[in-house]
Amino acid sequence: MKTEDIQNELSNKGLRATLHNVAILEVIRKLENHPTAGNIIDLVKEEHPTISSKTVYDVLNVFIDKGLIRKVKTDNNIIRYDQIGRAHV
């Protein structure tokens, strides 16, 4: 998914296409699975090492509120994040 597509997706949900919002959503879209917050944080930090874990958690919660992703609790009580409206593995 291109950065421009991510920016449009954020805008369509009433969100600003900030560096953090774009970076986090790009990672989620690239993973195409049910990542944990830790998975997302690790990958975002590869490109943006100064981003804090708190910022990532805050953005994930905003994405949930706006309907971009949903939080899924596994049988093992692990919290994962699921894409909404996207085909994934």
Side-chain angles (χ1 to χ4, degrees):
M1 185 170 239
K2 293 189 244 176
T3 299
E4 183 179 327
D5 294 334
I6 295 283
Q7 292 169 335
N8 289 335
E9 187 173 359
L10 290 166
S11 178
N12 290 340
K13 292 291 186 174
L15 296 170
R16 292 184 310 134
T18 64
L19 178 68
H20 292 157
N21 286 351
V22 170
I24 293 166
L25 192 56
E26 280 180 332
V27 164
I28 293 168
R29 295 299 187 231
K30 284 179 188 172
L31 289 174
E32 296 184 351
N33 61 12
H34 305 281
T36 64
N39 299 139
I40 296 165
I41 290 166
D42 290 344
L43 289 171
V44 170
K45 283 190 173 225
E46 286 179 12
E47 295 291 322
H48 306 281
T50 60
I51 193 169
S52 72
S53 296
K54 181 185 180 327
T55 297
V56 175
Y57 278 104
D58 290 347
V59 170
L60 290 173
N61 286 325
V62 169
F63 287 176
I64 291 166
D65 291 344
K66 292 294 187 172
L68 287 167
I69 62 174
R70 72 178 142 241
K71 195 185 288 190
V72 178
K73 190 173 184 180
T74 68
D75 292 338
N76 297 330
N77 291 323
I78 297 171
I79 301 297
R80 296 189 173 271
Y81 296 87
D82 185 33
Q83 300 184 49
I84 295 175
R86 298 264 176 234
H88 57 275
V89 179

List the atom pairs, donor and acceptor, that lie under 3.5 Å between side-chain atoms in residues 46-56 and the rest of the protein, sequence neighbours left out.
residue : atom : partner : partner atom : Å
Ser52   : OG   : Thr55   : N            : 3.0
Ser52   : OG   : Thr55   : OG1          : 2.9
Lys54   : NZ   : Asp58   : OD1          : 3.4
Lys54   : NZ   : Asp58   : OD2          : 2.7

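- Atom CG in Asp5 sits 11.0 Å away from atom CG in Leu10 (nearest 0.5 Å).
- Summarising the geometry, atom CD belonging to Gln7 is positioned 10.0 Å from atom OG1 belonging to Thr18; distances are rounded to the nearest 0.5 Å.
- At a cut-off of 3.5 Å, with distance as the only test, no side-chain donor of Ser11 or Asn8 sits close to an acceptor on the other residue.
- No side-chain heavy atom of Val62 sits less than 4.5 Å from a side-chain heavy atom of Leu68.
- Judged as a side chain to side chain contact (heavy atoms under 4.5 Å, CB included), and not counting sequence neighbours, the contacts of Thr74 are Asn76, Ile78, Arg80.
- Distance CD1/Ile84 to CD1/Ile69: 7.5 Å, rounded to 0.5 Å.
- Counting heavy atoms from C-beta outward, Arg70 and Tyr81 have side chains that stay 4.5 Å or more apart.
- Both Ile64 and Ile41 are members of a single hydrophobic cluster when ILVMFWY side chains are connected at heavy-atom separations under 4.5 Å.
- Glu9 has its side chain out of reach of Leu15: every pair of non-hydrogen atoms, C-beta onward, lies at least 4.5 Å apart.
- Using a 4.5 Å heavy-atom cutoff, the side chains of Val27 and Ile24 are not in contact.
- Here Gln83 contributes atom CD and Ile28 contributes atom CD1; the two are 7.5 Å apart, rounded to the nearest 0.5 Å.
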TODO: Would you sort out whether Lys71 and Asn61 count as a side chain to side chain contact (heavy atoms under 4.5 Å, CB included), showing the intermediate values?
DONE: CA-CA 9 Å; Lys71 195 185 288 190; Asn61 286 325; 4.2 Å; yes
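- Across every non-hydrogen atom of Leu60 and Ala37, the tightest pair is CD1-CB, 4.1 Å.
- Atom CG of residue Asn39 and atom OG1 of residue Thr36 lie 3.0 Å apart, to the nearest 0.5 angstrom.
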